[in-house]
Q: 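First the structure, which I've put down as structure tokens, then a few questions once you've had a look.
Proteins get letters first, then strands, A, B, ... in listed order; numbering begins at 1 in each. Note that the coordinates shown come from a computational prediction; the quantities given were computed from them, not determined experimentally.
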Amino acid sequence: MENNEDIKPSNFIKNIIRKDLAEGKNDGRVHTRFPPEPNGYLHIGHAKSICLNFGVAEEFGGRCNLRFDDTNPLKESVEYVNSIKEDVKWLGFDWGEKEFYASDYFEKFYECAVQLVKDGNAYVDHQSPDEIKENRGTLQEPGKNSPFRDRTPQENEKLLEQMKDGKFADGECVLRAKIDMSSPNINMRDPIIYRISHTKHHRTDEKWCIYPMYDFAHGLEDSIEGVTHSICTLEFEDHRPLYDWFLEKLGVFHPQQIEFARLNLTYTVMSKRKLLTLVQEGYVSGWDDPRMPTIAGLRRRGYTPESIRNFSEMIGVSKANSKVDFAQLEYCIREDLNKKAQRVMVVTDPLKVVITNYPEDKEEMLDAENNPENEADGTRQMPFSRVVYIEKDDFMENPPKKYFRLSPGNEMRLKHAYYIKCEDVIKDENGEIVELHCTYDPKSRGGWTDDGRRVKGTAHWVSVKHAIKAEVRMYEHLFTIDNPDRRKKGEVFTDNVDPESLKVVTAYAEPFLSEVQPMTHYQFLRIGYFTSDKDSKPGKPVFNKTVGLKDTWAKKQASSG
RNA sequence: AGGGGUAUAGCCAAAUUGGCAAGGCAUCUGGUUUUGGUCCAGUGUACUGCAGGUUCGAGUCCUGCUACCCCUGCCA
């Protein structure tokens, strides 16, 4: 029976692999790869791909390569290489003893290009970029053959060598595959194999001034590494015939390309270009801003690797374009942190409560459990005294029905402390409530009496005398609408950024929170999960709101009000 | 003279060779609770995009539609 719970959901890619295995393809090997281009930070959509590729390899006893698809030095850098490695590692995946780089195969790519030329399958085209574009045709009309299309293999071989040797300027000519300028698939209209770019590469430096295009390089990379199942996103479906064409013409090991739908999430954007815009135009503080859907952002927000892996498993894999509700991601982090996060008391919007019958000078330490979900986490001690803060929300002068919290003449429990009863409401000259006078029941120490009294409401609190101040960054969705790409004429997607998606508050916390290690997860009791930020300094903790607790009371209020 | 894809509940998404349409998220309702959290139990007329056809039987097979997504970088 318990096996049933461990069965992971199936998907069409696993079905293909199972079938291949059953048919004895690839000698029973399963080999995948995760091939990021180091031109930006990884985001939650990449996490889906990482989990898929590494997950499938693991499930079928295969391997998964981490490979940097670094064929365009203009856009790539080591900064991105390093961030990608860090993120993949953090997610919990191990790519083995070596990492792979397309740039390690540049020599091999060149040899393959020479072979294509010799076989009459490629030619050097001296048309200008504009001419090439012009002659490519349109979606409805076929393209026109280049006037250089019929150069002899000997001539092409010589020209290709000159390209490699830097005899030409950028854009002066390209190497093209000789396929079919009238193909209904535009990718097959003599696609470019090599372009000239006198650009320094972050790994090969100035060794090369010609760089291979994706379509030529990618299948070869897969082939060289013995990849069996080359999993990519839907937009490459049109490229598959080309992927296959190169491998066939070259007569090398032929991996199978399989496409799946990339992840979309509500209330955020996922394209590298848009994420870059958010960073460059200052809508966020950087790639790791906790509102960003980047791995680095989610990590800083307080998401755990387990929660993201679980999310990836949960949402499944298919070929249908879809948009997953952000609430599903939030469910995953709540589920994980509920088991792990220590509970602490932090008041974010304080209301002073004076307990008039509690001795002026008295202080006492009270036991508080660290996590009701895990008794092994033990207890800690919290100082209590005559004046405490509670949340403003936890008091109402004229409460609606079913309000369990504090109100005039009513009793409420201070968690782990005492029952208190509101005797008096103190207001300032504007009528604003500034302070509550309450009495406590000494017999309720620990928050319980055996007299059958029903005190339904329980609130968190901190002792004013002992509390420390903490900076708490309250995050909401970065965008005001679930689909940030929906916009009126003349608007851009950044017009949908919510200027209030970050609110910084000064909160009052239990004293032991004064010194926190960054990246520690807590549950602020009755509020949500919070994670200490790297900006924390000794005595000056900073917390990021990871996600709020479910709040059925607030929901009920909103729907009835 | 276009090509390539996709359609199963509000959102994801399963469904051996055709055989009673899984599961999760969200929602709502109870119960438990020293967190209005967690947990537990329950909660859905899904004409499986539409219209036909084959069949004892169709989400699965056939025909014809419709809607949406992707493709005209010397990006990946």
Side-chain angles (χ1 to χ4, degrees), chain A residues 9-12 15 35-37 39 69 71-72 74-76 125 128-129 132-133 136-143 170-176 182-189 191-197 210-211 213-215 217-218 232-241 259 261 263 266 272 311 313-332 334-335 338-339 343 345 368-369 372-373 402-405 413-417 419 444 446-448 455-460 482 523-528 548-557:
Chain A
S10 191
N11 61 53
F12 78 99
N15 290 344
E37 182 190 14
N39 71 341
D69 216 355
T71 56
N72 184 7
L74 241 27
K75 293 188 175 176
E76 299 153 7
D125 192 352
S128 71
I132 288 179
K133 186 176 180 178
R136 185 149 34 222
T138 67
L139 295 179
Q140 273 75 28
E141 302 154 30
D170 290 5
E172 201 173 333
C173 57
V174 290
L175 182 70
R176 287 233 252 174
S182 66
S183 172
N185 180 348
I186 292 182
N187 295 306
M188 300 298 274
R189 319 238 262 231
I192 292 169
I193 293 172
Y194 267 108
R195 79 282 215 181
I196 297 169
S197 180
I210 57 172
Y211 291 96
M213 299 287 288
Y214 168 87
D215 286 305
H218 203 90
C232 63
T233 44
L234 249 31
E235 67 269 28
F236 293 104
E237 234 160 356
D238 285 344
H239 296 243
R240 194 172 61 231
E259 310 85 10
L263 170 67
T266 56
K272 278 185 188 174
F311 173 73
E313 196 68 55
M314 208 180 250
I315 55 174
V317 180
S318 75
K319 296 191 70 158
N321 286 314
S322 62
K323 179 169 286 209
V324 177
D325 194 334
F326 203 92
Q328 192 141 3
L329 218 207
E330 294 184 328
Y331 167 84
C332 290
R334 283 196 194 101
E335 183 194 40
N338 178 49
K339 294 177 301 196
R343 279 33 359 174
M345 295 206 212
E369 68 184 341
E373 301 298 313
K402 293 232 184 164
Y403 183 79
F404 310 147
R405 280 108 99 149
R413 171 167 36 241
L414 294 180
K415 177 116 174 154
H416 298 138
Y419 299 164
S444 63
W448 185 251
V455 177
K456 182 107 175 160
T458 303
H460 57 282
D482 63 352
Q523 183 195 100
F524 289 6
L525 213 69
R526 302 206 305 134
I527 302 175
L549 251 31
K550 283 215 311 202
D551 189 345
T552 54
W553 172 246
K555 198 179 288 174
K556 210 175 287 181
Q557 289 306 96

Q: Taking any heavy-atom pair under 4.0 Å as a contact, classify A/Gln140: base, sugar-phosphate, or nothing.
A: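 Since a base atom lies under 4.0 Å of A/Gln140, the category is base.
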Q: Can you tell me, in whole Å, how much space there is between the C1' of B/G2 and that of B/G18?
A: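 The same atom, C1', in both gives a distance of 35 Å.
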Q: Just how far, in rounded Å, is C1' of B/C75 from CD1 of A/Ile193?
A: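 The distance from CD1 of A/Ile193 to C1' of B/C75 comes to 17 Å, rounded to the nearest Å.
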Q: Picking from B/G36, B/C75, B/G5, which would you name as closest to the side chain of A/Arg240?
A: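 Closest nucleotide to the A/Arg240 side chain: B/G5.
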Q: Could you check how far CD of A/Glu235 sits from C1' of B/U6, rounded to whole Å?
A: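 Those two atoms, CD and C1', are 14 Å apart.
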Q: Measure the distance between the ring centre of A/Trp553 and the centre of the six-membered base ring of B/G36, then answer whether it is under 5.5 Å with planes under 30°.
A: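 It does: the two rings, one from A/Trp553 and one from B/G36, meet the stacking criterion.
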Q: Has the side chain of A/Asn185 got a donor or acceptor atom sitting under 3.5 Å from an opposite partner on the base of B/G4?
A: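 Result: no qualifying N/O pair found.
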Q: Please pick, from B/G36, B/G37, B/A76, the nucleotide with the shortest atom-to-atom distance to any side-chain atom of A/Asn338.
A: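 Comparing B/G36, B/G37, B/A76 against the side chain of A/Asn338, the answer is B/G37.
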Q: If you look at every strand shown and take non-hydrogen atoms under 4.0 Å, does A/Thr138 touch a base, only sugar-phosphate, or nothing?
A: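 Answer is base: heavy atoms of A/Thr138 come under 4.0 Å of a base.
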Q: Which value, in whole Å, describes the distance between the P atoms of nucleotides B/G31 and B/A22?
A: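 Their P atoms lie roughly 29 Å apart.
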Q: Would you mind pulling out the nucleotide paired to B/G10, Watson-Crick or G-U wobble, both distances under 3.5 Å?
A: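 B/G10 is paired, partner B/C25.
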Q: Could you work out which one of B/U35, B/C11, B/G5 sits closest to the side chain of A/Glu237?
A: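 Looking only at heavy atoms from C-beta outward on A/Glu237, the closest nucleotide is B/G5.
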Q: Spell out yes or no: do the side chain of A/Arg334 and the base of B/G37 have one donor N/O and one acceptor N/O closer than 3.5 Å?
A: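 No.
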Q: Look at the side chain of A/Arg136 and the base of B/U72, then say whether one donor and one acceptor between them are separated by less than 3.5 Å.
A: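 Between B/U72 and A/Arg136, which were checked side chain against base, a qualifying N/O pair under 3.5 Å is absent.
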Q: Let me know the distance between CE of A/Met188 and P of B/G2, rounded to the nearest Å.
A: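 Value for this atom pair: 20 Å.
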Q: Regarding B/G37, can its base be found pairing with the side chain of A/Glu373 as donor and acceptor, where the two atoms are less than 3.5 Å apart?
A: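 Per atom types, the contact qualifies.
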Q: Pick out which of A/Ile315, A/Asp482, A/Thr266 makes a side chain to side chain contact (heavy atoms under 4.5 Å, CB included) with A/Asp325.
A: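 So the option named by the test is A/Thr266.
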Q: Across all strands, who's sitting opposite B/G2 as a Watson-Crick or G-U wobble pair, both distances under 3.5 Å?
A: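 Across all strands, the one nucleotide that pairs with B/G2 is B/C71.
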Q: NA contact type, A/Val324, heavy-atom cut-off 4.0 Å: base, sugar-phosphate, or nothing?
A: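 Result for A/Val324 = sugar-phosphate.
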Q: For A/Phe404, answer base if it contacts any base atom (sugar-phosphate contacts may also be present), sugar-phosphate if it contacts only those atoms, and nothing otherwise; contact means non-hydrogen atoms under 4.0 Å.
A: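 Touches a base.
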Q: Below 4.0 angstrom, N of the basic side chain to O of the carboxylate: do A/Glu259 and A/Lys319 qualify?
A: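 Answer for the salt bridge query: yes.
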Q: A/Gln328 has an atom CD; how far is it from atom C1' of B/G10, in whole Å?
A: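 Value for this atom pair: 13 Å.
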Q: Specify the separation, in whole Å, of atom CZ of A/Phe326 and atom P of B/A26.
A: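 Going from A/Phe326 (CZ) to B/A26 (P), I get 14 Å.
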Q: Below 3.5 Å, does any donor atom in the side chain of A/Gln523 face an acceptor in the base of B/U35, or the other way round?
A: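 Side chain to base: pair present.
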Q: Taking any strand in view, what nucleotide pairs with B/G49 in a Watson-Crick or G-U wobble way, both distances under 3.5 Å?
A: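 For B/G49, the partner nucleotide comes out as B/C65, under the 3.5 Å rule.
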Q: Taking atom P in both B/G53 and B/U17, what distance in whole Å separates the two?
A: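 To the nearest whole Å, 27 Å.
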Q: Using the side-chain heavy atoms of A/Asn72, tell me which of these nucleotides is nearest: B/A14, B/U35, B/C75.
A: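 The closest nucleotide is B/C75.
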Q: Please report, rounded to the nearest Å, how far the C1' atom of B/G73 is from the NE2 atom of A/His239.
A: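 Nearest whole value for this atom pair: 10 Å.
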Q: Taking any strand in view, what nucleotide pairs with B/A58 in a Watson-Crick or G-U wobble way, both distances under 3.5 Å?
A: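 Its partner is none (no Watson-Crick or G-U wobble pair with both distances under 3.5 Å).
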